[in-house]
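Every chain is numbered from 1, with letters handed out A, B, ... down the list of sequences. Here the structure is a predicted model, which means the values were calculated and not measured.
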Amino acid sequence: MGFMSRFAANKGALVGLVLLIALLAFAVLGPWLYPTSPWRMVARPFTAPFVTDRFLLGTDTLGRDVAAGLVHGTRISILIGFVSTLVALLIGVPLGALAGYFGGWIDDALMRITEFFQTIPSFALAIVLVAVLQPSIYSIVLAIGIVSWPPVARLVRGEVLSLRTREYVQAAITVGQSTLRIIFSQVLPNTVAPIIVMASLMVASAILLESSLSFLGLGDPNLMTWGYMVGAGRTRLMDAWWISFFPGVAIFLTVLALNLVGEGLNDALNPRLSRGRE
Amino acid sequence: MGDTGTFLMQLWKKTASLALALALLGSASALAQTPKKGGVAQVIVTPEPPMLMQGLNQTGPTNMIAGNIYESMLRFDDKLQPMPSLAKSWKVSEDSKVFTFTLQDEVKWHDGKPFSADDVVFTLDKFLREVHPRWRPIVNNQVEKIEKTDDKTVVITMKQPFGPLLFAMEVASAPIIPKHLYEGTDYKNNPNNNTPIGTGPFKFKEWKKGSYIQLVRNPDYYLKDKPALDEVYYPFIPDAAARAVAYETGKVDVLTGGAVDIFDVPRLAKLPNTCMTTKGWEMFAPHAWITPNVRNGILGSKEFRQAMMYAIDRDFGKDVVWNGFGKIPTGPISSKTKFYSDNVKKYSYDPKKAKELVKASGYKGETIKFLGLPYGETWTRWAEAIKQNFADVGINMEIVTTDVPGWVQKTSNWDFDLTFNFLYQLGDPAIGVSRSYVSGNIAKGNPFGNVGGYSNPEADKLFADAAVAPTPEKRQELYTKVQQVLAEDLPVLWLLELEYPTIYRCNIKNLVTTGIGVNDGFRDAWKE
Amino acid sequence: MGMARFLASRLLKGVVVLFAIAVLNFFLIRAAPGDPAAVMAGEAGAADAQFLQQLREQFGLDRSIPYQLGVYLKGYATLDLGYSYRQQRSVAAVVGERLPATLLLTGAAFIISLALGSLLGILAAARAGRWSDSLITTAALVFYATPLFWIALMSQIVFALKLGWVPNVGYETIGAHYTGLARALDIASHLVLPALTLGLFFTALYARMMRASMLEIAGADFIKTARAKGLRPSVITRRHIARNAILPIVTLAGLQAGQLVGGAVLTETVFAWPGIGRLMFEALVQRDYAVLLGVFFVCSAMVVLFNIVTDLVYRVADPRIEAA
């Protein structure tokens with residue numbers, strides 16, 4: 001079975017993919033759907049959802065359109081998810097590759113650093129980092145990236161360690177290719193599959209992490225995110241449920257979609273595992 | 001946005017008048033009844049205070065709890081008239097220079113030792129002079145001497161007439177602490193700080209950190225029939241939404257000001273057996289404003305500051321952001337404080353005028369950074385609303401958030417363009433108002449000084465003269481003048497006289513009877 | 001490598017990591033704007049230069065950074081976690097008072113997530129590729145994918161307010177002064193909501209890992225051998241696959257111990273649970289350096305210990321050794 005057909009065989013993964021594409025569409029089309037700022041106070045506060053056509057999902061405590069916030073939030077939340085994952089990959093992949101490729105004391109030292117970051121409770125570290133750097137989209141992305149790279153490094157190291165002994169890598173070493181070139185051209189491309197699987201899940205965790213930071217008052221005050229909306233509406237769960245419910249659903253669907261796609265990729269990219277299904 | 005405001009205002013007025021009627025009914029019937037002995041009250045105070053030794057710490061939560069453990073010379077009613085506390089009676093000399101306090105008989109400290117004039121002199125002359133940031137300038141600049149004439153009499157003599165001294169006798173400003181436990185010790189590291197000993201109606205029993213503080217009835221209180229309650233617990237719940245649920249499930253009896261999200265107040269106030277009052281804050285009269293850093297470019301321009309004032313929809317702030325609580329101020333002095341005058345230049349919401357003034361000021365679209373106040377969601381919503389108001393008239397504003405230490409650091413080092421602030425007025429402009437405007441108070445390191453850097457010799461002189469003017473009439477004249485000067489110059493943009501609703505079970509009677517409300521309220525409170 | 005030598009080397013490595021964490025934290029927290037004196041000033045709503053100076057002297061913040069670092073490290077070397085001037089008590093006492101609550105919460109959550117997660121993982125793996133597999137994984141994801149604080153508040157409204165089954169916040173009924181069994185039951189009833197909220201969050205993670213681990217082991221040679229021997233599939237699943245699949249989960253859960261403590265920050269905040277997660281956040285916004293560093297140290301030490309223990313368990317009961 002090829003990759004595509006294996007992926008398509010997993011119904012959950014397909015549902016996830018459709019959801020994800022829809023979300024990305026929202027993110028891209030957001031400014032066109034809702035050209036004005038989502039922070040604008042446009043109507044009576046606490047307008048219930050599905051009552052007027054103009055404000056389909058109701059308005060919040062200050063009379064801001066929940067739907068506009070949701071759509072603009074899609075962009076920022078997904079952006080934070082992807083960029084912070086990218087940051088984590090930029091740290092984790094090279095560290096893991098170096099550790100796995102060279103082994104010895106380099107491996108030892110790099111793995112100590114990884115262990116170091118895995119020992120500190122990651123959410124606590126993220127909180128401290130954002131507090132130190134002051135809340136802004138940059139500090140949030142950086143903090144999430146810094147606390148999420150260790151698993152990447154471990155994964156890459158493991159993969160590289162096993163790839164290193166393969167014939168084609170040994171051959172490359174024998175013909176005298178430079179170490180960097182071997183790592184980039186022979187080793188890393190073969191680790192892409194598991195990295196992609198892991199990254200899809202990391203995007204999901206990053207979105208959740210941002211919402212938690214936002215809840216603790218450590219969000220970027222100038223950007224509308226889902227986490228901000230859920231946090232700001234939480235005291236009105238009893239009588240204005242829609243303010244935090246819709247962004248909550250958005251987070252749920254996104255995380256779900258990314259997980260399903262990740263699961264599907266995992267099964268599709270690891271044919272070894274699907275043998276268990278005979 | 002205008003119709004939004006009106007709608008909410010009407011809604012609010014209805015709720016408010018109903019609540020007011022209920023509160024009046026409640027207090028009228030309470031007076032008629034005799035207090036019942038016994039009972040327990042669970043009171044939400046937030047956040048958990050750092051300590052309960054009120055002489056060393058005057059944070060809001062500390063005052064709310066410790067005000068029932070410690071006492072001061074005077075209490076104040078909701079009109080800010082002084083009432084006896086540790087001082088049975090007092091006399092002010094004609095020229096407002098000599099204050100004589102006669103102490104209650106038979107007052108004992110919680111450890112059984114007798115209380116006397118020595119404790120008062122030690123507290124005011126030694127202890128608080130060294131550690132209390134508000135008492136220190138008064139005692140150093142105004143007081144000539146503090147002495148006891150006998151065991152029950154203390155005389156404070158001033159260098160010049162100083163009427164506001166009485167207001168400094170409130171419990172958070174001058175709590176009387178036991179000389180026998182503190183004299184000659186390292187005050188800040190005294191082991192008794194963890195087990196506070198006062199003279200008040202309640203004794204400290206236990207503090208389970210992260211969970212609750214327990215106070216128990218002082219059986220030897222000098223007023224024989226007080227207090228009525230056996231125990232008062234202060235549970236600590238960090239999340240506002242969870243605090244509201246705790247009240248609804250019956251776990252707690254009192255939600256003090258600021259304990260729940262202001263948006264949640266009308267819903268909670270409608271619950272059965274629930275009363276609400278905004279009284280009990282008259283002494284503090286918290287005054288909220290935006291401080292522009294006048295050293296920074298365009299913010300030094302009076303036109304621009306006036307433009308900002310016209311641009312801000314302060315009614316929206318009051319009616320929507322603060323859910324109808326509070327009053328729009330006219331100047332630096334709260335309408336609840338002495339010597340208030342509304343005979344000043346007024347600013348209404350006028351975006352058109354704001355745009356003209358923005359243009360006239362020479363503003364070129366530079367981004368202005370607004371340092372938010374990390375005291376909960378309401379302040380964040382307010383900053384968001386003001387950002388939109390500014391955007392409407394072409395002012396670019398960016399919100400910067402930080403936590404409490406970050407805010408203090410940035411504010412006291414003048415590292416901001418605009419920032420929120422709110423300060424207590426403490427009864428008299430000489431104590432709580434002038435500190436934010438006089439040029440003598442421009443100094444790094446104090447977030448509650450004149451951090452914006454406004455400097456006007458005329459205002460300086462008016463404030464200085466008004467503080468020590470011999471008669472109330474003369475003081476009023478000078479304070480009216482200074483309010484006019486400041487309303488024209490706008491050293492800060494006054495936004496709201498804040499009001500904090502206290503929500504409580506109606507069967508708790510006489511809870512809020514003074515100008516500091518729950519802070520010293522459990523002396524007289526009783527449970528039906 | 002003998003067990004004693006392995007243990008010694010792991011402990012040594014643990015100490016090195018803890019030392020590095022202690023130093024990093026020291027600088028990290030001092031890089032944050034403001035200090036404890038600023039916080040006290042901010043809270044008091046009143047301050048002057050003398051007030052701040054007094055506080056800084058009291059807190060020892062007027063000394064040089066190397067000096068402060070020296071005092072701090074010297075203390076830690078002798079397991080003295082320092083003194084909280086804000087609370088006027090030793091950090092050991094402050095943290096020690098809060099630690100049991102966190103251990104109780106995270107312990108309960110750990111058991112819930114591990115038990116439920118493994119069960120769901122086994123069920124999903126047995127149905128791999130079918131719709132019921134997706135359904136199980138998706139159901140487990142509900143609690144993972146919804147913000148924890150939202151679930152926490154929702155559960156308070158539903159189970160404490162509307163249904164009245166359990167209390168919504170706190171560690172025990174304040175003012176009741178229960179003792180013995182009554183107190184234990186009282187604490188247990190307060191534990192239900194926070195433990196479930198935190199536990200269900202991690203359930204999805206373990207369910208996923210368990211599923212993957214099951215599938216991987218199912219493809220391993222020794223299972224093929226077992227099948228070839230003609231063992232019944234249910235016996236193979238139960239005795240061979242599940243038993244071996246759970247070991248890596250336990251190890252991974254060991255690595256996740258730190259995450260659990262991190263998750264406790266939110267859970268303890270929303271449920272007013274008097275543990276060290278909340279203490280950590282409070283100490284951060286109060287810039288109570290000594291307490292913050294103490295909490296970080298205790299958490300990290302727990303994670304290191306936990307990892308060593310799981311490593312030991314793993315070495316003692318390596319599935320492959322047993323399979324051979």
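- In this structure, CG on L216(A) lies 5.0 Å from CG on L266(C), to the nearest 0.5 angstrom.
- Chain A forms more heavy-atom pairs under 4.5 Å with one residue of V285(C), L135(C), T138(C), V295(C) than with any other, namely T138(C).
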> Between E115(A) and V304(C), is a side-chain contact (heavy atoms from CB on, under 4.5 Å) present by the stated rule, with each step listed?
Replying inline: CA-CA 9 Å; E115(A) 202 175 302; V304(C) 166; 5.9 Å; no

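- There is no contact between M214(C) and chain A, counting heavy-atom distances below 4.5 Å.
- Donor-acceptor pairing under 3.5 Å is recorded for the side chains of T102(C) and E268(C).
- For a residue to count as touching a neighbouring chain, one of its non-hydrogen atoms must lie under 4.5 Å from one of that chain's; by this rule L208(A) touches chain C with the side chain only.
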>> Using side chain to side chain donor-acceptor pair (under 3.5 Å), reason through E210(A) and S77(A) one step at a time and then give a plain yes or no.
In response: CA-CA 8 Å; E210(A) 192 275 333; S77(A) 297; 4.8 Å; no

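- Of the possible donor and acceptor atoms, none in the side chain of R287(C) sits under 3.5 Å from a partner among the backbone N and O of A283(C).
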>> Does T225(A) form a side-chain contact (heavy atoms from CB on, under 4.5 Å) with M229(A)? I'd like the steps, not just the answer.
In response: CA-CA 6 Å; T225(A) 68; M229(A) 295 174 75; over 6 Å; no

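- At a 4.5 Å heavy-atom cutoff, T254(A) makes no contact with chain C through either its backbone or its side chain.
- Using a 4.5 Å cut-off between non-hydrogen atoms, the part of residues 26-33 of chain C that approaches chain A consists of L28(C), A31(C), A32(C), P33(C).
- Checked against the 6.0 Å centroid criterion, the rings of F143(C) and F201(C) do not qualify as a close aromatic pair.
- Heavy-atom distances place both the backbone and the side chain of I21(C) under 4.5 Å from chain A.
- Both the backbone and the side chain of L141(C) come within contact range of chain A, each with at least one heavy atom under 4.5 Å from a heavy atom of that chain.
- Of the listed residues (L133(A), V15(A), L201(A)), the one with the most heavy-atom contacts under 4.5 Å to chain C is L201(A).
- Interface residue L125(A): backbone and side-chain heavy atoms are both found under 4.5 Å from chain C.
- A distance-only check finds a donor-acceptor pair linking the side chain of Y76(C) to the backbone of G294(C) [under 3.5 Å].
- When each of F149(C), F281(C), Y144(C) is scored by its heavy-atom pairs under 4.5 Å with chain A, the top score falls to F149(C).
- Counting heavy-atom pairs closer than 4.5 Å to chain C, the top residue among F116(A), W241(A), F123(A) is F116(A).
- Contact count against chain C (heavy-atom pairs under 4.5 Å) is highest for N259(A) among N259(A), L129(A), V128(A).
- A salt bridge links R98(C) with E282(C): at least one charged nitrogen is closer than 4.0 Å to a carboxylate oxygen.
- Ring-centre distance between F46(A) and W242(A): not below the 6.0 Å cut-off.
- Counting only residues at least two apart or in different chains, side chain to side chain donor-acceptor pair (under 3.5 Å) contacts with residues 16-25 of chain C are absent.
- In this structure, chain C has no heavy atom under 4.5 Å from any part of I113(A).
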>> Set out, in order, the CA-CA distance, both residues' side-chain angles and the distance that settles side-chain contact (heavy atoms from CB on, under 4.5 Å) for V17(C) and R112(A), then state yes or no.
In response: CA-CA 7 Å; V17(C) 166; R112(A) 273 305 78 69; 4.2 Å; yes

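- Judged by distance alone, with hydrogens and angles left aside, the side-chain atoms of W150(C) form no donor-acceptor pair with the main-chain N or O of P147(C) at under 3.5 Å.
- Looking at A131(A), the atoms closer than 4.5 Å to chain C (heavy atoms on both sides) sit in the backbone and in the side chain alike.
- If you tally non-hydrogen atom pairs under 4.5 Å between each of A126(A), A204(A), S212(A), G248(A) and chain C, the highest count goes to S212(A).
- For a residue to count as touching a neighbouring chain, one of its non-hydrogen atoms must lie under 4.5 Å from one of that chain's; by this rule F117(A) does not touch chain C.
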